[in-house]
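Here the structure is laid out as structure tokens; the discussion comes afterwards.
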Amino acid sequence: MADQFRDHRPSGDVRDRRGFLAGFLALACGGLATLAPLAAGLWAFLDPLRRKRGAASFLPVTELSAVPADGVPRQFAVIAERVDAWTGFAAEPIGAVYLRREKGSDTVEALSATCPHAGCFVEIEPTGRCFRCPCHSSEFTLDGGIVAPSPSPRPMDALECRVAKNGEIEVQWQKFRAGVAGKVVQ
Ligand code: FES
């Protein structure tokens with residue numbers, strides 16, 4: 001009979017633990033609800049920096065038909081939308097390349113027009129025999145090879161290049177460190 005009147009209410013200890021758990025869960029849920037949008041905002045904020053460090057993308061430069069298969073390099077501007085940290089700019093020239101196809105070939109070769117010696121702009125010699133840099137007279141063969149002796153520590157920088165389905169030539173535009181023998185991406 002005494003069992004009938006036993007107090008089945010949780011003890012003070014159990015009530016305390018339940019209260020603590022409920023409080024902890026409420027705090028955790030509130031924290032998550034606050035942190036999720038914050039994390040998303042931070043991710044968006046850092047996005048341009050992430051993209052800047054990413055792999056160089058292929059940029060359309062010209063049509064395949066604009067590069068005759070005669071072994072003569074042609075110069076083209078590389079145009080891209082520049083992103084400076086969090087500011088986007090309209091498309092503008094960011095560099096130049098020489099594109100060339102061997103006689104009768106569909107394969108396009110691309111060379112950066114930036115001199116590997118100190119970054120001047122390499123030109124085709126008036127005779128069309130070779131490239132020459134106007135700054136310190138480094139000379140390069142038409143396929144970019146170095147003509148010794150030369151102030152330039154390495155040949156002209158070859159760039160990855162492909163022809164898209166629509167016939168556009170796309171170049172993987174990259175800048176390399178000047179004045180060093182190795183081809184080091186900047
Ligand atoms: S920058 Fe081209 S030779 Fe010096």
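Indexing begins at 1, ligand by ligand and atom by atom, following the structure's order.
Taking every heavy atom of both residues into account, Pro151 and His117 meet most closely at O-CD2, 3.2 Å. The two atoms that bring Phe176 and Leu159 nearest to each other are CE1-CD2, 3.7 Å, heavy atoms only. Taking all atoms of both residues into account, the shortest heavy-atom contact from Tyr98 to Val122 is OH-O, 2.6 Å.
Among the heteroatoms counted here (N, O or S) of His136, ND1 is the one nearest to atom 4 (Fe) of ligand 1.
Less than 4.0 angstrom separates some heavy atom of Cys120 from each of these atoms of ligand 1: 1 (S). The His117 neighbourhood of ligand 1 comprises atoms 1 (S), 2 (Fe), 3 (S), 4 (Fe), with distances under 4.0 Å to a heavy atom of that residue.
Between the OG atom in Ser112 and the CZ atom in Phe121 there is a gap of 8.5 Å [rounded to 0.5 Å].
Contact annotation for Ala118 and ligand 1: heavy atoms of both the backbone and the side chain come within less than 4.0 Å of the ligand.
Residue Cys135 does not count as close to atom 2 (Fe) of ligand 1, with no N, O or S atom under 2.8 Å. Among the atoms of Cys133, an N, O or S atom falls under 2.8 Å from atom 2 (Fe) of ligand 1.
Scanning the protein for heavy atoms near atom 3 (S) of ligand 1, the closest one is Ser138 OG, 3.2 Å.
At a cut-off of 3.5 Å, with distance as the only test, no side-chain donor of Glu63 or Ser65 sits close to an acceptor on the other residue.
A salt bridge links Arg101 with Asp106; the closest basic N to acidic carboxylate O contact falls under 4.0 Å.
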